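Not measured: the values here are computed from a predicted model.
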Amino acid sequence: MLSRLPGSRLACIAAAGILLAALVAKATFAFPFQLGIDFYQFWGVPIAHKSIAASPYLDPPGYERALNGLADASGNEKLRHANGFRRNLETMATPFFYSAFALVPGDYETAQGIYTFLLYVATGIGVTLLARLRGIAFWPAICVALLVELSFNPFVQDLKYGNVSSFQFLYMAVMLYVAAKGLYPKNPWLESLYLGSLAVFVLFKPNTPWIALALASHYWVARGTRKFANGMAAAAAGSVIAFACGAAFFDGPGAWIDWFHFTQGMNGGSLVRSLEQGNLSPAMLLWQRSGSMGLVPYALMISAWLALAFVLATTSMGRRTDQLLPALRRCLADPWLALSIGIMFTFATAPLVWAYYHVFALVPMFAFFRPREHPARTAWIVV
């Protein structure tokens, strides 16, 4: 292993110090110019709701007027700059999502500064966990995490817009680490929270159902039907809690109904964003270039193609159908492969795929490395 070579530990610590200094310098320079236009909306909706009774899905113009007036009257350049790009809001997040952002500070620049710092922390911890799982020693893993934060474009995009992909990535890394190491709590009720948290994860931002399904499927195969049933009960409880938080924040469950009707525009209506607007969705590519069918039919078609490819790959091109279920079980038993499949399906079928979603791709990227086979060489490759 790289860190076991003579003098390598001190060299790695020194490299980590240099990389950290470079990252701090880059972050300090970049922060004044970061748009944060997604974070602005996440921060702004709870602020505007203090003076508007209706949900942001029923009265987007009201929320826009409240925030535009707040920005126009403010002397804070960060707030005015973000508002200049978001005079019109896109209130697509769930009520639970907005209720969580009600906890951030009311001062915009302070809130964005803390939020940006937490994005760095989330990605740094997530990458370190993945590297450690792949057998990379602690200080080389820190170096890898710092290099990712310095150079990995999807993370840079997440910082630029102030989205939540880095936090979602950290959650996936933690869930993968627990599964790969078998670190489930001995108490069955505490263990059930593994699946219970998946429901909260999806209701926080529902762009991850394939990922949640992949993790839940792995848990079923690895832990058995009885523990899976306990976990599903916890997932139901988690759903109720997340639903209740969103409903309480917006003064009633009607906000969830409003959100559901509002997001129906994702099926090809006003909320869909084109390739020219930065949407990297393959389903959008097919729909926009072909002009036939619709966005959802193309997403379903891609899902069917991927499922067919999986069946062919696990049955010797259809000649050994008896291999399908055993192969599926073996695939799901490996948390790396299960989660990577969920991420692949997400990228391939989601109607919106922004560049910062590809922070998730760090999981399948690390899944390709096999450091135990060639430890020293792989350590150098990862760095």
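- With Gln34 contributing its side chain and Gly162 its backbone, the two residues share no donor-acceptor pair below 3.5 Å.
- Using a 4.5 Å heavy-atom cutoff, the side chains of Val127 and Leu362 are in contact.
- Residues Phe155 and Tyr120 meet the side-chain proximity criterion, which asks for heavy atoms closer than 4.5 Å.
- Qualifying side-chain contact (heavy atoms from CB on, under 4.5 Å) partners for Ile18, counting only residues two or more places apart in sequence or in other chains: none.
- Distance alone, capped at 3.5 Å, is enough to place a donor-acceptor pair between the Lys26 side chain and the Leu150 backbone.
- Using a distance-only test at 3.5 Å, with no hydrogens or angles considered, no donor-acceptor pair links the side chain of Asp158 to the main chain of Tyr356.
- Shown here are the side-chain contact (heavy atoms from CB on, under 4.5 Å) partners of Ala283, two or more places apart in sequence or in another chain: Ser281, Leu295, Tyr298, Ala299, Ile302.
- Between Trp256 and Leu203, the closest side-chain pair of non-hydrogen atoms falls below 4.5 Å.
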Would Leu213 and Phe345 satisfy side-chain contact (heavy atoms from CB on, under 4.5 Å), going step by step from the backbone distance to the final call?
CA-CA 11 Å; Leu213 178 62; Phe345 268 80; over 6 Å; no
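- Taking each heavy atom of Lys227 and Tyr219 in turn, the nearest pair found is O-CE2, 3.6 Å.
- Side-chain heavy atoms closer than 4.5 Å link hydrophobic residues (I, L, V, M, F, W, Y) into clusters, and following such links, even through other members, never connects Leu103 to Phe97.
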Stepwise side-chain contact (heavy atoms from CB on, under 4.5 Å) check, Gln112 with Tyr40: CA-CA 8 Å; Gln112 190 190 8; Tyr40 165 75; over 6 Å; no
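- For the side chain to side chain donor-acceptor pair (under 3.5 Å) condition, the pairs that include at least one residue of residues 198-213, sequence neighbours left out, are Asn163-Lys205, Gln168-Asn207, Trp210-Thr349.
- Atom CZ of Phe360 and atom CE of Met344 lie 15.5 Å apart (nearest 0.5 Å).
- Cluster membership for Val156 and Val353, using ILVMFWY side-chain heavy atoms within less than 4.5 angstrom, is not shared.
- Ser197 and Tyr171 share a side-chain donor-acceptor pair at under 3.5 Å.
- Here the side chains of Asn88 and Glu64 are in contact, with some heavy-atom distance below 4.5 Å.
- The minimum heavy-atom distance between Glu90 and Tyr98, with the atom names listed, is O-OH, 4.2 Å.
- Val311 shares a hydrophobic cluster with Leu324; the chain of contacts runs through ILVMFWY side chains whose heavy atoms sit under 4.5 Å apart.
- By the 4.5 Å heavy-atom criterion applied to side chains, Pro56 and Phe250 are counted as neighbours.
- Of the residues Ile136, Leu130, Thr128, the one that meets the side-chain contact (heavy atoms from CB on, under 4.5 Å) test with Arg132 is Thr128.
- To the nearest 0.5 Å, the span separating CZ on Arg289 from CE on Met284 amounts to 10.5 Å.
- Phe31 and Val121 fall into different hydrophobic clusters, where Ile, Leu, Val, Met, Phe, Trp and Tyr are joined by side-chain heavy atoms under 4.5 Å apart, directly or via other members.
- Listed here is the closest heavy atom pair of Ala145 and Gly124: CB-O, 3.6 Å.
- Closest non-hydrogen pair, Ile52 versus Ala66, comes out as CD1-CB, 4.1 Å.
- For Tyr115, the ring-ring contact (aromatic ring centres under 6.0 Å, His included) partners at least two apart in sequence or on another chain are Phe39, Phe101, Phe167.
- There is no path of hydrophobic side-chain contacts, each under 4.5 Å, that joins Ile241 to Val200.
- Phe260 and Val45 fall within a single hydrophobic cluster, where Ile, Leu, Val, Met, Phe, Trp and Tyr are joined by side-chain heavy atoms under 4.5 Å apart, directly or via other members.
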*Show the numbers, then the answer: is there a side-chain contact (heavy atoms from CB on, under 4.5 Å) between Tyr184 and Val178?*
CA-CA 6 Å; Tyr184 301 103; Val178 170; 4.0 Å; yes
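- Counting heavy atoms from C-beta outward, His358 and Leu280 have side chains that approach closer than 4.5 Å.
- The line from CG of Leu312 to CZ of Arg319 is 10.0 Å long, rounded to the nearest 0.5 Å.
- Remark: side-chain polar atoms of Ser340 are paired, donor with acceptor, to backbone N or O of Trp336 under 3.5 angstrom.
- Checking side-chain atoms of Ser99 against main-chain N and O of Phe96 turns up a donor-acceptor pair under 3.5 Å.
- A salt bridge does not link Arg65 with Asp72: none of the charged nitrogens is closer than 4.0 Å to a carboxylate oxygen.
- Closest of all the heavy-atom pairs between Thr346 and Gly342 is OG1-O, 2.9 Å.
- In this structure, the side chains of Thr263 and Tyr57 stay at 4.5 Å or more apart for every pair of heavy atoms.
- Checked against side-chain contact (heavy atoms from CB on, under 4.5 Å), Arg329 has the following partners two or more places apart in sequence or in another chain: Val221.
- The aromatic ring centres of Tyr357 and Phe347 sit 6.0 Å or more apart.
- Pairing each heavy atom of Pro335 with each of His218, the nearest pair is CD-CE1, 3.5 Å.
- The distance from atom CG of Leu89 to atom CG of Asp59, rounded to the nearest 0.5 Å, is 10.5 Å.
- Side-chain contact between Leu328 and Thr314 is absent, with no heavy atoms from C-beta onward closer than 4.5 Å.
- Identified under the side chain to side chain donor-acceptor pair (under 3.5 Å) test for residues 43-55, with sequence neighbours left out: His49-Tyr63, Ser55-Asp258.
- Leu190 belongs to a hydrophobic cluster whose other members, connected by ILVMFWY side-chain contacts under 4.5 Å either directly or through intermediates, are Leu193.
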Task: Verdict with supporting geometry, Thr91 and Gln41, side-chain contact (heavy atoms from CB on, under 4.5 Å) - done: CA-CA 8 Å; Thr91 53; Gln41 295 185 115; 5.7 Å; no
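- Thr123 pairs by the side chain to side chain donor-acceptor pair (under 3.5 Å) definition with Ser166, not counting sequence neighbours.
- Here the CD1-CD1 distance, from Ile341 to Ile211, works out to 12.5 Å after rounding to the nearest 0.5 Å.
- The hydrophobic cluster containing Phe33, built from Ile/Leu/Val/Met/Phe/Trp/Tyr side-chain heavy atoms closer than 4.5 Å, also comprises Phe29.
- Phe117 pairs by the ring-ring contact (aromatic ring centres under 6.0 Å, His included) definition with nothing, not counting sequence neighbours.
- Judged as a side-chain contact (heavy atoms from CB on, under 4.5 Å), and not counting sequence neighbours, the contacts of Trp220 are Thr225, Phe228.
- One N or O on the side chain of Asn279 and one on the backbone of Pro351 form a donor-acceptor pair closer than 3.5 Å.
- A distance of 6.5 Å separates CG in Asn76 from CG in Asp107, rounded to the nearest 0.5 Å.
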